[in-house]
Amino acid sequence: MDFIHPTTKEIAQNLLGKLLVHKTNTCIYSGFIVETEAYLGIEDMACHSYAGKNTPRLQSMYKIGGTIYVYTMHTHHMLNITTKEPNNPQAVLIRAIEPIEGIEQMAANRQQTGILISNGPGKLTKAMAITKELDGRMINEGALYINQEKSKIPNEIITAPRIGIPNKGDWTLAPLRYYVKGNPFVSGMAKKEVLPPLKIWRNII
DNA sequence: ACTACGATCGACT
DNA sequence: GTCGATCGTAGTT
């Protein structure tokens with residue numbers, strides 16, 4: 001995947017359906033990415049790097065597209081992948097996955113079952129044992145990577161405002177959240193909006 | 001050393 | 001839908 005030349009909005013949408021894999025000493029975890037958010041750098045009031053802000057915790061944001069940016073908040077780890085060239089601090093937040101491999105261990109890590117395993121940004125990192133140890137590393141060059149071959153294509157992508165960013169002017173409602181329509185692992189998905197599996201992913205002929 | 005603040009989660013009405 | 005817990009980070013004394 002190209003994390004440099006497309007826009008961050010395009011990359012956020014391209015990530016939907018990709019099989020995210022985390023290989024640890026004890027387990028292989030994987031799942032399809034079903035929900036992302038774009039953070040557009042120095043102009044984006046909701047972005048950590050707004051107005052060029054830079055601190056030790058933010059350093060990964062300023063690295064080349066494809067760098068893993070993990071930060072903690074409220075005791076939870078958040079997984080991002082940076083985009084664009086160095087010193088252009090944009091990124092995509094991975095908000096939810098549909099578990100595929102290592103589901104039993106994910107359930108144990110989370111002490112939960114079903115959609116509660118990974119229907120939120122803090123939940124999926126706990127399920128897949130993703131920690132700040134990955135911060136600053138490159139995706140696809142180590143333990144965390146995308147398996148292109150096994151990835152899927154969403155039937156339909158829904159665009160919506162990002163979650164949890166009040167009082168950021170126009171950026172509060174900017175449509176920079178993307179998710180796979182009807183997938184039950186999307187955070188906050190209402191039960192009546194869940195679609196049958198055949199209507200979620202594009203059929204391969 | 002002290003304070004304020006979240007890109008959240010889980011429990012509850 | 002609302003609300004409280006909880007703690008690392010960063011900015012200020």
Side-chain angles (χ1 to χ4, degrees), chain A residues 3 7-9 11-13 15-16 20 31 33-63 65 67-84 88-99 106-136 139 144 157-180 184-193:
Chain A
F3 290 102
T7 66
T8 300
K9 294 180 190 182
I11 294 166
Q13 293 172 78
L15 279 167
L16 295 176
L20 181 70
I33 296 170
V34 298
E35 181 181 0
T36 60
E37 284 177 0
Y39 286 84
L40 303 187
I42 60 173
E43 62 171 327
D44 181 352
M45 288 178 71
C47 188
H48 292 161
S49 56
Y50 173 60
K53 181 179 172 184
N54 197 351
T55 67
R57 136 181 123 149
L58 277 177
Q59 282 178 22
S60 299
M61 281 281 280
Y62 286 80
K63 296 185 179 172
T67 302
I68 298 162
Y69 170 42
V70 177
Y71 70 94
T72 56
M73 97 155 265
H74 287 90
T75 73
H76 306 287
H77 298 298
M78 301 288 134
L79 172 65
N80 301 256
I81 302 170
T82 68
T83 62
K84 310 308 290 184
N88 187 347
Q90 306 190 35
V92 174
L93 170 68
I94 310 298
R95 283 192 58 88
I97 61 146
E98 175 183 338
M106 289 190 200
N109 294 348
R110 282 277 299 135
Q111 304 270 74
Q112 289 284 3
T113 58
I115 63 172
L116 296 177
I117 289 176
S118 57
N119 66 342
K123 300 179 192 181
L124 81 89
T125 54
K126 188 166 187 189
M128 296 183 78
I130 289 167
T131 68
K132 290 208 301 183
E133 190 176 314
L134 291 167
D135 182 60
I139 197 164
L144 188 71
I157 294 172
I158 302 292
T159 301
R162 294 172 291 186
I163 302 292
I165 45 170
N167 310 318
K168 300 295 184 194
D170 292 343
W171 294 97
T172 290
L173 293 176
L176 296 172
R177 174 182 177 228
Y178 307 96
Y179 62 88
V180 178
F185 288 89
V186 173
S187 66
M189 171 73 57
K191 212 163 191 177
K192 62 178 183 179
E193 294 177 40

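Proteins come first, then strands; the chains are lettered A, B, ... in the order of their sequence lines, and each starts at number 1. Worth saying up front: this structure is predicted, and the values here are computed from it rather than measured.
- No side-chain N or O of A/Thr67 forms a donor-acceptor pair with one of A/Ser60 less than 3.5 Å apart.
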*asked:* Does A/Tyr50 form a side chain to side chain contact (heavy atoms under 4.5 Å, CB included) with A/Asp44? I'd like the steps, not just the answer.
replied: CA-CA 6 Å; A/Tyr50 173 60; A/Asp44 181 352; 5.5 Å; no
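- The neighbour count for A/Glu193 CD, taken as heavy atoms of other residues, nucleotides or ligands under 6.0 Å away, is above 12.
- For the side-chain contact (heavy atoms from CB on, under 4.5 Å) with A/Ile33, the lone residue among A/Leu124, A/Val180, A/Ile94 that qualifies is A/Ile94.
- Distance CD1 (A/Ile115) to P (B/dC9): 13 Å, rounded to an integer number of Å.
- Looking at A/Thr8, its side chain never comes within 3.5 Å of a backbone N or O of A/Gln90 through a donor-acceptor pair.
- Note: CG (A/Asn119) to P (B/dT8) measures 13 Å, nearest angstrom.
- Rounded to whole Å, atom P of B/dT8 lies 14 Å from atom CZ of A/Arg110.
- B/dT8 has its base stacked against the ring of A/His74, the centroids being under 5.5 angstrom apart at an interplanar angle below 30°.
- The NE2 atom of A/His77 sits 16 Å away from the P atom of B/dA7 (whole-angstrom rounding).
- Enclosure of atom NZ in A/Lys9 is not indicated, since only 12 or fewer non-hydrogen atoms of other residues, nucleotides or ligands lie within 6.0 angstrom.
- As a whole-Å value, the separation of A/Met73 CE from B/dC5 C1' is 8 Å.
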*Reading DNA chain B 5' to 3', what string of ( ), [ ], | and . shows its pairs, if Watson-Crick and G-U wobble pairs count only when both distances fall under 3.5 Å?*
||||||.|||||.
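- As a whole-Å value, the separation of A/Gln111 CD from B/dC9 P is 17 Å.
- The NZ atom of A/Lys123 sits 11 Å away from the P atom of B/dT8 (whole-angstrom rounding).
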For nucleotides 9-11 of chain C, give me every protein contact, N/O to N/O, under 3.5 Å, one pair per line with atom names.
| from | atom 1 | to | atom 2 | distance (Å) |
| --- | --- | --- | --- | --- |
| C/dT9 | OP1 | A/Lys132 | NZ | 2.4 |
| C/dA10 | OP1 | A/Thr55 | OG1 | 2.1 |
| C/dA10 | OP1 | A/Arg57 | N | 3.1 |

*asked:* Go through it in stages, so that I can follow the logic: the residues are A/Leu79 and A/Leu20, the test is side chain to side chain contact (heavy atoms under 4.5 Å, CB included), and I'd like the CA-CA distance, side-chain angles, deciding distance and then a yes or no.
replied: CA-CA 11 Å; A/Leu79 172 65; A/Leu20 181 70; 3.9 Å; yes
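- With hydrogens and angles ignored, the 3.5 Å screen pairs a side-chain donor or acceptor of A/Arg110 with a backbone N or O of A/Ile117.
- When the shell of 6.0 Å around CD1 of A/Ile42 is examined, it contains 12 or fewer heavy atoms from other residues, nucleotides or ligands.
- Distance A/Lys126 NZ to B/dG10 P: 8 Å, rounded to the nearest Å.
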